[in-house]
Amino acid sequence: MTTASESQSRPGDQGINVAKVTANDVNVYYGDKHALKGVNLAIQANEVTALIGPSGCGKSTFLRCINRMNDLIEGARVTGTITLDRQNIYDRDLDVVQLRARVGMVFQKPNPFPKSIYDNVAYGPRLHGLAHSAADLEEVVITSLERAGLYAEVKDRLDEPGTGLSGGQQQRLCIARAIAVSPEVILMDEPCSALDPIATAKVEELIDELRENFTIVIVTHSMQQAARVSQRTAFFHLGELIEVGNTEQIFTNPQHKLTQGYITGRFG
Amino acid sequence: MTEAVEQLRASVIAGKVGARLQRRYAAEKRFRVYGVAAIAIALSFLAVLLVSIIAQGYSAFVQTEVRLTLDLDPAVIDPDGKRDHATLSSADYATVIRNALLARFPDADDRVGRRELSHMMSQGAELEVRKLVLADPSVIGSRREMWLPVAAPVDQLIKGNMERAPDKGGQFKERELARIDALKADGSLQTRFNRWLFTEGDSRQPELAGLWGAVVGSFYSLLVTLALSFPLGVATAVYLEEFASRSRWTDVIEVNINNLAAVPSIVFGLLGLEIFLNLFELPRSSPLVGGLVLTLVSLPTIIIAARVALKAVPPWIREAALGLGASRLQMVAHHVLPLAMPGILTGTIIGMARAVGESAPLLMIGMVAFIVDVPATPMDPATALPVQVYLWAASPERAFIERTSAAIIVLLCFLAVMNATAIYLRKRFERRW
């Protein structure tokens with residue numbers, strides 16, 4: 001704990017700009033299980049923040065707090081505050097539906113709807129009434145697919161089911177679907193764990209491009225991936241945030257013994 | 001030395017493994033044989049059932065009719081020349097028919113002979129002639145050839161369901177048999193498609209008894225059942241599965257729904273009698289009440305099937321929708337329900353199939369009455385197919401035996417069509433992911 005807060009308060013690390021997402025003393029309980037213990041973490045805008053750590057360390061739990069997907073799990077309880085642009089997302093007045101439009105999510109397993117490619121991407125904009133005409137909607141869909149680097153591959157078969165694509169294409173379709181609602185933050189929960197190395201490389205490249213317009217938080221089991229795509233890395237262990245810092249610093253000069261042990265592969 | 005020991009050990013192990021393997025294969029083979037035998041036995045029972053029903057029932061789909069040349073004599077039908085509906089409705093068509101038979105068999109023109117001739121014909125024959133005359137009174141005065149139904153005993157004799165010889169249980173005297181044979185010989189006595197079976201309601205005369213009343217009654221009942229149990233069942237399942245948080249209450253509800261599915265259906269009949277008839281005073285014997293009671297019977301089945309179908313929709317579909325900012329209702333309406341629909345429809349049709357075959361609860365609410373008229377609305381008294389089977393099976397006439405089987409065949413066809421629809425819907429809308 002102490003290390004985490006120390007590393008956060010280090011000058012130069014956080015910079016002068018205000019964090020996009022800030023977690024303050026966040027605790028998560030699944031029934032009696034204390035899954036996340038007093039996490040303080042600031043996520044900067046237009047950066048990729050990687051959450052790493054061994055299985056069951058709470059990094060996915062933390063990720064799912066940011067768009068309140070934990071609300072769906074029966075018996076889950078969250079304390080503390082998480083702010084998005086200084087607004088507490090666990091506020092009573094906050095609309096969860098609106099929050100999830102601002103904080104998009106890409107899941108571990110590619111999960112396109114069993115509908116056409118077009119309808120997959122168009123679903124979010126339709127839901128939130130973002131497009132005012134059919135032409136508008138088509139533009140949103142095409143732009144989203146382009147930004148997800150998928151348009152060239154699927155432009156002739158937008159009517160075909162999204163489930164018919166390959167795994168990597170499906171994941172990029174899910175990314176296109178997420179960015180179609182123009183979120184501010186995109187959460188990615190091990191987005192490449194079900195993909196082969198080539199598809200992984202494409203998605204990583206995409207993440208790097210998306211950083212320009214979105215704030216990205218990614219959970220990953222691959223330390224190489226964290227090193228490749230992220231600017232900041234947070235290391236979780238047994239529900240605690242052990243260390244957070246610039247990715248380069250975490251991987252070359254970790255401050256904490258546990259971090260060092262995990263990165264060098266001594267456990268995990 | 002050690003090498004030899006190793007070899008010995010290896011061979012022992014191989015032998016043991018081999019023996020075990022043999023036993024494993026034998027066990028597997030035995031299991032397969034048991035399975036095939038079980039299926040074969042089940043199929044043979046099914047075959048015996050179907051063959052016996054069809055063998056008994058197929059003859060009910062035809063009815064023996066006699067060709068007569070009727071003299072539509074105005075002096076008999078309308079001696080006063082009024083030609084109005086009342087006169088023509090109550091005219092003496094029996095005499096018209098008997099005169100036609102007398103013309104064919106002049107030797108029977110005595111008191112006994114005339115009665116014998118009258119007994120040959122069904123009452124339906126008069127109704128047929130009346131129908132003809134009422135439809136077009138201008139036929140009076142003309143001669144006309146018509147196929148008219150004979151009485152059930154003659155029909156049964158022709159179909160071979162009754163012995164000819166009087167001492168072996170036959171109903172006919174020698175000369176009656178001679179007349180029947182004479183008609184048959186010149187092709188005036190034929191078995192033709194039994195149109196009464198599919199157009200008429202019940203009747204005390206087996207040759208005029210039809211299933212149409214029961215079919216319409218069943219149809220109306222099912223319509224009411226479907227209109228109530230499908231939306232109620234699906235809404236219940238969606239609420240329990242997608243909205244309700246697990247608590248002691250939902251557990252209690254779940255256990256009770258599962259229990260209701262196993263409650264004997266006659267209990268629902270008693271409930272319907274008390275609530276719908278005695279308390280709400282809805283019309284007795286009506287398909288409306290029948291449908292309400294059958295709704296109670298089929299609801300648990302539909303709820304359980306719909307919940308299973310909803311559970312089968314993978315959770316990541318829900319996550320994907322909610323993650324994009326869909327509300328719970330939107331998630332259900334846009335994604336979960338459409339994906340679960342094939343399963344829900346299949347479950348619904350199975351529930352409806354259970355309802356259509358149900359007779360016990362209908363007995364309790366008076367749908368077992370003898371009802372001749374085909375119901376025009378769900379509020380009219382009616383009966384249902386399985387109840388009709390029950391009613392005919394209890395009738396003593398020989399001709400009702402084959403009609404009972406025929407009614408069972410029709411009921412089975414009903415069920416087969418419903419199940420085929422279920423399979424088609426499942427195949428048609430099934431999604432693979």
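To find a chain, count down the sequence lines: A is the first, B the second, and so on, and within it residues start at 1. Everything quoted here is computed from the prediction, not taken from an experiment.
- With a 4.5 Å cut-off on non-hydrogen atoms, A:Val106 does not touch chain B at all.
- Taking the six-membered ring for Trp, A:Phe113 and B:His334 have ring centres at least 6.0 Å apart.
- Heavy atoms from other residues, nucleotides or ligands lying under 6.0 Å from CD of A:Gln98 number 12 at most.
- Both the backbone and the side chain of B:Arg246 come within contact range of chain A, with heavy atoms under 4.5 Å apart.
- Residues of residues 127-134 of chain A lying under 4.5 angstrom from chain B, judged on non-hydrogen atoms, are A:Leu127, A:His128 by number.
- Two residues are said to be in side-chain contact when any heavy atoms from C-beta on lie closer than 4.5 Å; B:Pro314 and A:Asn111 fail this criterion.
- In terms of the side-chain hydrogen bond (donor to acceptor under 3.5 Å, both in side chains) criterion, residue partners of B:Glu319 (sequence neighbours excluded) are, by chain and number, A:Arg64.
- Heavy-atom contacts from other residues, nucleotides or ligands closer than 6.0 Å to OH of A:Tyr29 number more than 12.
- In this structure, A:Pro114 and B:Ile317 approach most closely via the heavy-atom pair CD-CD1, 3.5 Å.
- One finds the NZ atom of A:Lys115 at 8.0 Å from the CG atom of B:Leu339 (value rounded to the nearest 0.5 Å).
- Among all heavy-atom pairs drawn from A:Tyr123 and B:Ala326, the shortest one is OH-CB, 3.8 Å.
- In A:Glu209, the CD atom is crowded: over 12 heavy atoms of neighbouring residues, nucleotides or ligands sit closer than 6.0 Å.
- At a 4.5 Å heavy-atom cutoff, the contact between A:Arg177 and chain B is made by backbone and side-chain atoms alike.
- The 12-atom threshold is exceeded at CD of A:Glu74, counting heavy atoms of other residues, nucleotides or ligands nearer than 6.0 Å.
- Looking at A:Pro161, neither its backbone nor its side chain comes within 4.5 Å of chain B, counting heavy atoms on both sides.
- By the neighbour-count criterion of 12 heavy atoms within 6.0 Å, atom OH of B:Tyr34 is sparsely surrounded, having that number or fewer from other residues, nucleotides or ligands.
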